[in-house]
Amino acid sequence: MKELRTEVEIAAPPHRVWAVLSDFASHPEWNPFIRSIEGELREGARLSVRLGPPGGKVVTFRPIVLRAVENEELRWLGNLVLPGIFDGEHIFQLEPMDAGRRTRFVQREEFRGILVRLFSKFLDTDTRRGFEAMNEAIKERAETSGLEPSNADRLPGSE
């Protein structure tokens with residue numbers, strides 16, 4: 001098994017970060033790594049995901065949603081050709097910070113299968129670069145989305 005893990009702190013509450021992440025139709029506008037996602041956001045659903053690191057080759061795969069908990073976690077499992085060859089469990093976690101006013105966005109993937117060792121260098125370079133680019137893009141989008149802040153977003157005394 002091999003794991004990649006990246007994270008970024010976002011000056012927006014988890015519900016705002018979730019709104020950006022779960023709005024699949026808008027990913028082509030802002031996401032430099034996951035270029036598009038199509039399908040239903042529910043456990044057991046099959047998605048169509050196009051991804052590629054900045055400057056890298058774009059591939060399409062069809063993972064199954066393992067977990068979709070609003071404002072907390074999205075997790076899917078995809079594989080190359082057949083299960084056991086090269087499987088990736090991609091996990092997005094939203095951890096509330098500062099009484100829910102900020103979010104730690106964790107993006108990680110657990111890779112398993114007989115070809116993981118072969119792709120290890122690519123995962124450590126290009127894939128990690130893709131994770132980091134997406135993390136910065138979701139941070140930017142959530143912090144400057146133009147959404148009117150809800151009362152939950154406001155700091156005491158900031159009215």
Side-chain angles (χ1 to χ4, degrees), residues 1-10 12-54 56-97 100 102-120 122-124 126-143 145 147 150 152:
M1 185 185 98
K2 178 172 186 62
E3 180 179 18
L4 283 183
R5 178 187 168 96
T6 61
E7 63 181 65
V8 65
E9 291 184 13
I10 301 174
H15 72 267
R16 184 167 301 166
V17 178
W18 180 263
V20 173
L21 179 64
S22 64
D23 181 7
F24 293 167
S26 74
H27 277 251
E29 297 170 17
W30 65 268
N31 196 331
F33 180 57
I34 299 178
R35 311 298 173 84
S36 70
I37 305 174
E38 295 176 358
E40 290 183 59
L41 183 58
R42 66 172 172 74
E43 292 175 19
R46 187 167 295 277
L47 303 174
S48 178
V49 178
R50 290 183 61 241
L51 66 82
K57 182 180 178 183
V58 176
V59 298
T60 301
F61 68 103
R62 297 192 34 84
I64 294 175
V65 177
L66 300 177
R67 185 169 158 89
V69 179
E70 187 174 356
N71 304 330
E72 291 181 20
E73 182 179 71
L74 172 58
R75 180 183 294 243
W76 66 54
L77 178 63
N79 55 60
L80 181 66
V81 185
L82 297 170
I85 304 291
F86 185 84
D87 303 334
E89 186 171 335
H90 204 108
I91 302 135
F92 303 99
Q93 295 170 306
L94 288 67
E95 301 172 358
M97 302 170 60
R102 298 173 49 83
T103 305
R104 176 176 293 112
F105 179 76
V106 177
Q107 182 175 189
R108 61 191 183 93
E109 189 151 1
E110 298 171 358
F111 299 96
R112 294 181 178 84
I114 61 175
L115 293 182
V116 170
R117 187 173 297 193
L118 180 66
F119 289 109
S120 187
F122 173 80
L123 297 173
D124 287 335
D126 292 8
T127 303
R128 178 174 299 281
R129 204 169 51 245
F131 280 26
E132 291 168 350
M134 178 180 168
N135 290 1
E136 289 305 313
I138 198 169
K139 173 182 173 66
E140 172 82 15
R141 182 92 170 181
E143 290 179 352
S145 64
L147 298 172
S150 69

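Here, residue 1 is the first one in the sequence, and each next residue gets the next number. Just so we're clear, the structure is a prediction, and the values are computed from it rather than from any experiment.
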Among Glu109, Glu43, Glu89, the one residue meeting salt bridge (Lys or Arg N to Asp or Glu O under 4.0 Å) with Arg75:
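Answer to the salt bridge (Lys or Arg N to Asp or Glu O under 4.0 Å) test with Arg75 among Glu109, Glu43, Glu89: Glu89.
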
Roughly how far, to the nearest 0.5 Å, is the [atom2] atom of [Y] from the [atom1] atom of [X]?
X      : Y      : atom1 : atom2 : answer
Asn79  : Arg62  : CG    : CZ    : 11.5 Å
Glu110 : Arg112 : CD    : CZ    : 5.0 Å
Asp124 : Lys2   : CG    : NZ    : 3.5 Å
Met97  : Arg104 : CE    : CZ    : 4.5 Å

Shortest non-hydrogen contact from [X] toward [Y]:
X      : Y      : value
Leu74  : Val65  : CD1-CG1, 4.2 Å
Phe33  : His90  : CE2-CE1, 4.3 Å
Ile138 : Asn135 : CG2-O, 3.3 Å
Pro54  : Arg129 : O-NH2, 4.2 Å
Ser36  : Pro28  : CB-CG, 4.3 Å

Considering residues, nucleotides and ligands other than Glu140, do more than 12 of their heavy atoms fall under 6.0 Å from its CD?
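Not more than 12 within 6.0 Å, no.
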
Between [X] and [Y] (side chain of the first, backbone of the second, donor and acceptor by atom type, cut-off under 3.5 Å), is there such a pair?
X      : Y     : answer
Arg35  : Gly52 : yes
Asp23  : Val20 : no
His27  : Ser22 : no
Thr103 : Ala12 : yes

Glu3 and Arg5 ion-paired at < 4.0 Å:
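Here Glu3 does not pair with Arg5 in a salt bridge, since their nearest N and O are not under 4.0 Å apart.
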
Is the Trp18 to Phe92 ring centre distance short of 6.0 Å?
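Centroid distance Trp18-Phe92: not below 6.0 Å, so no.
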
Please test Ile10 against Glu143 for side-chain contact (heavy atoms from CB on, under 4.5 Å), starting from the C-alpha separation and ending with a verdict.
CA-CA 7 Å; Ile10 301 174; Glu143 290 179 352; 3.9 Å; yes

Applying side chain to side chain donor-acceptor pair (under 3.5 Å) to His15 and Glu70, what does each step give before you reach the verdict?
CA-CA 8 Å; His15 72 267; Glu70 187 174 356; over 6 Å; no

Which is it for Trp30 and Met134 under the side-chain contact (heavy atoms from CB on, under 4.5 Å) test, yes or no, and what are the steps along the way?
CA-CA 9 Å; Trp30 65 268; Met134 178 180 168; 4.2 Å; yes

In sequence, state the C-alpha distance, the side-chain angles, and the governing distance for Phe119 and Thr127, and then conclude on side-chain contact (heavy atoms from CB on, under 4.5 Å).
CA-CA 10 Å; Phe119 289 109; Thr127 303; over 6 Å; no

Is there a side-chain contact (heavy atoms from CB on, under 4.5 Å) between Trp76 and Ile37? Walk through the geometry before answering.
CA-CA 12 Å; Trp76 66 54; Ile37 305 174; 4.1 Å; yes

Val116 side chain near Phe86 side chain, heavy-atom distance below 4.5 Å
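Answer yes - side chains close enough.
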
